[in-house]
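All values below were derived from every heavy atom in this structure, side-chain atoms included, with hydrogens, water molecules and symmetry-related copies excluded. Just so it is clear: chains get the letters A, B, ... in the order the sequence lines come, proteins before strands, and each one is counted from 1. As the structure is a prediction and not an experimental result, all values here were calculated from the model.
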Amino acid sequence: MIELQNRVKSLLADKEIDLFIGYGQGTRLPRPLLAGTAEEASGLVFDGACTGNLAVYLTRKEVAGSKKVGIAASYFALRSIVQLLAEHQLREERLRVFALAPGGTLKELAGLAEVERHLAETPVPSLQVEDDWVKEIDAMPPKERWGYWLGELSKCFKCYACRAACPMCYCTKCIVEVNRPQWVQPWAAAASNMEWQINRVMHLAGRCSDCGACGAACPLGLPVHILSHKMVEIVAQRFGTPEGGNALSTFKPDDKENFIG
Amino acid sequence: MDNEFEPKLLAFVCNWCTYAGADLTGTSRIKYASNVKIVRFPCTGRIDFMLVLKAFANGADGVIVSGCHPNDCHYTSGNFHARRRWMLFRELLDFMGIDVRRIRFSWVSAAEGAKWADVVNSTVAAIRELGPYTDYQKAASYLAGNEDVLLNEKEVTL
Ligand code: SF4
Ligand code: SF4
C-alpha cells in the first residue's frame, strides 16, 4: 500500500498523471478514491478486497475527461480497459495501469500488451455463484423463468444505477433517452423494465467484462448481472472469444444457428 | 372459445427479398392466412429487436421476421449482422421466459412466393395452438385487470 501511495505521489509530482483512480478505506468494502494531490494519495489502499470495477470512471468527462490518469485495476477492470481501448474510448499513452499479481504484489502494466499478458497469466476470479444461478434458472420450465424475471424486474424503478456502474455504458445519449418516438417507456412497469434490461444486455453483448458491477449497484438487489453473465456465456458458446471484444458489429458467413427456416 | 381465437401476427420483412416474395405470393394468386400485417424494412439489418417486443406489448400473438437468404443481401451483409443479433436475442428472451416459439425467423427470397404462404400459414397454425399471448400483454398493460389491486394500493389510511 505504501508502495502504491509513494508511486502515485511521485507520478503526481512529476506531472506524469493528473489524477489517480484508486481505492480508499470504506466502512465495509474499499470505496473509490480519486487522488489528485499527495495528501489524497496517502489514503490509497489496494489489496484483494478491492474488486469494484473502477474503469467506469475512465470515460466519465467530469472525472477523467482528457486528463492523464492512473488507475488501480481489479481483474475485471483490466478486461474493461482492454475493451475500452479496442473501442477507442481511451488513449493508451495517457493511462497508467496498476494491478495486483497473484499473491498481492503491485505491478505496473505498461500499455495494452502488458495488460493482456497479465490477464492471460492471472487465473479468472471465481464466478461460481453466477454460474450456479444461471444453471438454476436454465433448469426452470419457461413459465417459471417468466415468473421469476417478471417478479424481479417489476420491482425495478428505473434509476439506471446498473447503467451508471458499467464501464461499457459510456454513451452520452442512451437508448432509453430516445423519445422521438419514445423507444423504451420511461415509467417503471414490468414489461418496459424488461425491455430496458433486454436493451442493456443486448447492447453489451460481447463487450461486457462480466464484472457484476451492474448487479452490485442495483439498490433493489435485482440480479441484473445474471442477465449480463448469461449473455457472456451465450456469446462465448456461439461465437467463441470475440475478436476485439466484438460480437454484434461483425459476423461470419458461416455462423451457425438452428432456428431460421 | 379457443376455436374462435384468431391470432394476430406482425411480419417484419426486408424490402428486397421477403417483401418482393410476399408480393409474388399475391400476384401468383396463392391464398394464405390473412392474420398477418406486413411491415417493410430496407433490410433485415434494420429490424431492431425492440420492434418484436413492441409488437408483443401492443397485442401481437406472434411475429415473423424474414429477409434475404445468406449471401443474397442487397446490402451484402445486413442479414449476416441480423442473424447474429437474432441468435443472441432469441437465447436471451428464452432465458427470461419470453415465449420464443412465437417468433418465426425465416429466409424468403423474391422468387419464393409459395414459401411465404407456407411460412405464414404454418406460423398462424402454430400460434393458434399456443393461444393469445396474454402473459406479455398483461405485463405490458400493467393497469388492465389490476384495477382492484390498484384501488387498494391507493387507499391511504392515516
Ligand atoms: S454489464 Fe454489468 S457485468 Fe458487464 S461490464 Fe457492465 S457492469 Fe460489468
Ligand atoms: S439499478 Fe436496479 S432498479 Fe435501477 S434501473 Fe437498474 S435494475 Fe432497475
Does any backbone or side-chain atom of [X] lie under 4.5 Å from a heavy atom of chain A? Answer side chain, backbone, both or neither.
{"X": "D94(B)", "result": "both"}
{"X": "F49(B)", "result": "side chain"}
{"X": "D135(B)", "result": "both"}
{"X": "I103(B)", "result": "neither"}

Describe, in one word, how the ring planes of Y133(B) and W146(A) are oriented to each other, choosing from parallel (under 30°), tilted (30 to 60°) and perpendicular (over 60°). tilted
Geometric class of the F95(B)/W149(A) ring pair [parallel <30°, tilted 30-60°, perpendicular >60°]: tilted
Might you point out which heavy atoms bring [X] and [Y] nearest each other, and give the distance in Å?
{"X": "A139(B)", "Y": "A190(A)", "value": "O-CB, 3.9 Å"}
{"X": "A191(A)", "Y": "A140(B)", "value": "CB-CA, 3.5 Å"}
{"X": "V184(A)", "Y": "M50(B)", "value": "CG2-CE, 4.0 Å"}
{"X": "W183(A)", "Y": "K54(B)", "value": "O-NZ, 2.9 Å"}

Are the side chains of Y148(A) and M96(B) in contact, using a 4.5 Å heavy-atom criterion? no
Would you check if the side chain of R84(B) reaches a backbone N or O of A247(A) as a donor-acceptor pair within less than 3.5 Å? yes
Inter-residue atom distance R145(A).CZ - L93(B).CG, 0.5 Å rounding: 11.0 Å
With the threshold set at 4.0 Å, does a side-chain nitrogen-carboxylate oxygen contact exist between R238(A) and E91(B)? yes
